[in-house]
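Note on naming: letters A, B, ... go to the chains in the order of the sequence lines (proteins, then strands), and numbering restarts at 1 for each one. Bear in mind the structure is a predicted one, so any value in this text is a computation, not a measurement. Excluded from the calculations below are hydrogen atoms, water molecules and symmetry mates; all remaining heavy atoms, backbone and side chain alike, are included.
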2 protein chains.
Amino acid sequence: MAEDYVELIAELIETRGEARPVEIAERLGVKPPTVTKNISRLKTAGLVRREPYRAIFLTDAGQDLAETCRRRHRIVVAFLLSLGIDEETAERDAEGIEHHVSETTLEAFEKALKPHRRYK
Amino acid sequence: MAEDYVELIAELIETRGEARPVEIAERLGVKPPTVTKNISRLKTAGLVRREPYRAIFLTDAGQDLAETCRRRHRIVVAFLLSLGIDEETAERDAEGIEHHVSETTLEAFEKALKPHRRYK
DNA sequence: TTCTGAAATTAGACATGGCTAATTTATCTA
DNA sequence: TAGATAAATTAGCCATGTCTAATTTCAGAA
């Protein structure tokens, strides 16, 4: 859960300027109360900083995790695309796969990708 | 959960002659009471047939699901191996990945694999 | 500056999947 | 055949992640 949230929060901050529960709920396909509860868990875990009714920010730890997740996501998507899979499927499958890929496998994906230069 | 269970039950029946909770617990890394509870859920779901204190059998639906899962598992493992990943990592990662791979991606894996002929 | 509508939160319920401790059942052996 | 032991089950607890209904807060428009 944490990974999906910090990844999305980082993206929202980048593209929208800030991350709001209502946006997160829409993007993750859950209801706002679920987001509120999960954000407070992330806060307890030291991944986000925030005051009630305000926008959500990532702590340093949160940013690190987000960066790790986004790198994995990028690599997995690029790899699937390099196999000829369509973008929508690649995105959808990567979402599920990225949480289960070891560093070893990720490196193998990168290596298999290198000659193509279709990512980054 | 159901997929992991039926997959393992099918394998145990094949290699051991029968599937017992204690074996399942060991293989999945959970405790026996957890297995009892989950088996009864699988029974409710129509995937297994069984009487208390007896071995576990798959219904037709359970066998179909097991077959589907095992095919996916085989393909994913073979594909990871074909990338040069070691067996242990391939097995471990496949365990997580297989539940998130669409048929489209699975076919892409098979296709990428064909020239190697290292599976089946 | 007040009020209204959207966003967020709280409260409380539910399903899933895990655990420990205690009990029951089945089986094998003495 | 009677006990002992290993397997299985039951009871009851916990954490996670979801929901709906009700309430609170905030911010912009009248």
Side-chain angles (χ1 to χ4, degrees), chain A residues 1-13 15-59 61-62 65-66 69 92 95-100, chain B residues 1-13 15-59 61-62 65-66 69 92 95-100:
Chain A
M1 180 280 284
E3 298 195 345
D4 285 330
Y5 275 73
V6 297
E7 200 176 336
L8 177 55
I9 290 166
E11 193 199 314
L12 287 173
I13 290 175
T15 65
R16 288 282 214 283
E18 59 174 22
R20 287 276 171 191
V22 66
E23 278 281 325
I24 295 171
E26 274 161 23
R27 289 284 297 268
L28 295 180
V30 300
K31 301 294 180 184
T34 302
V35 173
T36 296
K37 190 179 281 189
N38 286 331
I39 293 297
S40 85
R41 293 201 241 246
L42 296 184
K43 190 176 172 180
T44 300
L47 295 170
V48 309
R49 192 162 17 87
R50 104 116 149 179
E51 344 260 293
Y53 298 96
R54 287 315 186 13
I56 299 148
F57 300 93
L58 294 173
T59 61
L65 181 57
C69 292
R92 196 161 16 79
E95 208 67 56
I97 292 174
E98 60 181 281
H99 303 294
H100 303 277
Chain B
M1 178 279 284
E3 297 195 345
D4 285 330
Y5 274 73
V6 296
E7 201 176 334
L8 177 54
I9 290 166
E11 193 200 313
L12 288 174
I13 289 173
T15 65
R16 287 281 214 286
E18 60 174 20
R20 286 276 172 190
V22 67
E23 278 280 326
I24 294 170
E26 273 161 24
R27 290 284 296 267
L28 296 180
V30 300
K31 302 293 180 185
T34 301
V35 173
T36 297
K37 190 182 283 190
N38 285 332
I39 293 297
S40 86
R41 293 202 242 247
L42 295 183
K43 190 175 173 181
T44 301
L47 295 170
V48 310
R49 193 163 15 88
R50 104 115 149 183
E51 344 259 294
Y53 298 95
R54 287 310 183 24
I56 298 149
F57 299 93
L58 295 172
T59 61
L65 181 57
C69 292
R92 196 160 19 79
E95 208 66 55
I97 292 174
E98 60 181 283
H99 302 294
H100 303 277

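Put simply, CG on A:N38 is 12 Å from P on C:dT9, counting in whole angstrom units. What separates CG of B:L42 from C1' of C:dT16 is a distance of 13 Å, to the nearest Å. Atom CZ in B:R41 sits about 11 Å away from atom P in C:dA15, given to the nearest Å. Distance CD (A:E18) to C1' (D:dA27): 13 Å, rounded to an integer number of Å. Computed from coordinates, the A:E51 CD to C:dA8 C1' distance equals 15 Å when rounded to whole Å. Residue B:D4 contributes atom CG, which lies 12 Å from atom C1' of C:dG17 at whole-angstrom precision.
Of the inter-residue distances, the one linking B:T34 atom OG1 with B:M1 atom CE reads 10.5 Å to the nearest 0.5 angstrom. Distance check, rounded to the nearest 0.5 Å: CD1 of A:I56 to NZ of A:K43 gives 11.0 Å.
Between A:R54 and B:Y53, the residue whose closest nucleotide on DNA chain D is further toward the 5' end is B:Y53. Each of A:G29 and B:R20 has a nearest nucleotide on DNA chain D; the 5'-most of these lies closest to B:R20.
Side-chain atoms of A:T59 never come within 3.5 Å of backbone atoms of A:R49 as a donor-acceptor pair (strictly under, hydrogens ignored).
Under a 4.0 Å N-O distance rule, the pair B:E11/B:R16 does not qualify as a salt bridge.
You'll find a donor-acceptor pair under 3.5 Å spanning the side chain of A:K37 and the base of D:dT18, going by distance alone.
Proximity of B:R50 to the phosphate of D:dT9: a side-chain N or O atom is located under 4.0 Å from OP1 or OP2. Between B:T34 and C:dG17 there is no side-chain polar atom (N or O) within less than 4.0 angstrom of OP1 or OP2.
With C:dC19, C:dA8, D:dT10 as the candidates, the nucleotide lying closest to the side chain of B:T36 is D:dT10.
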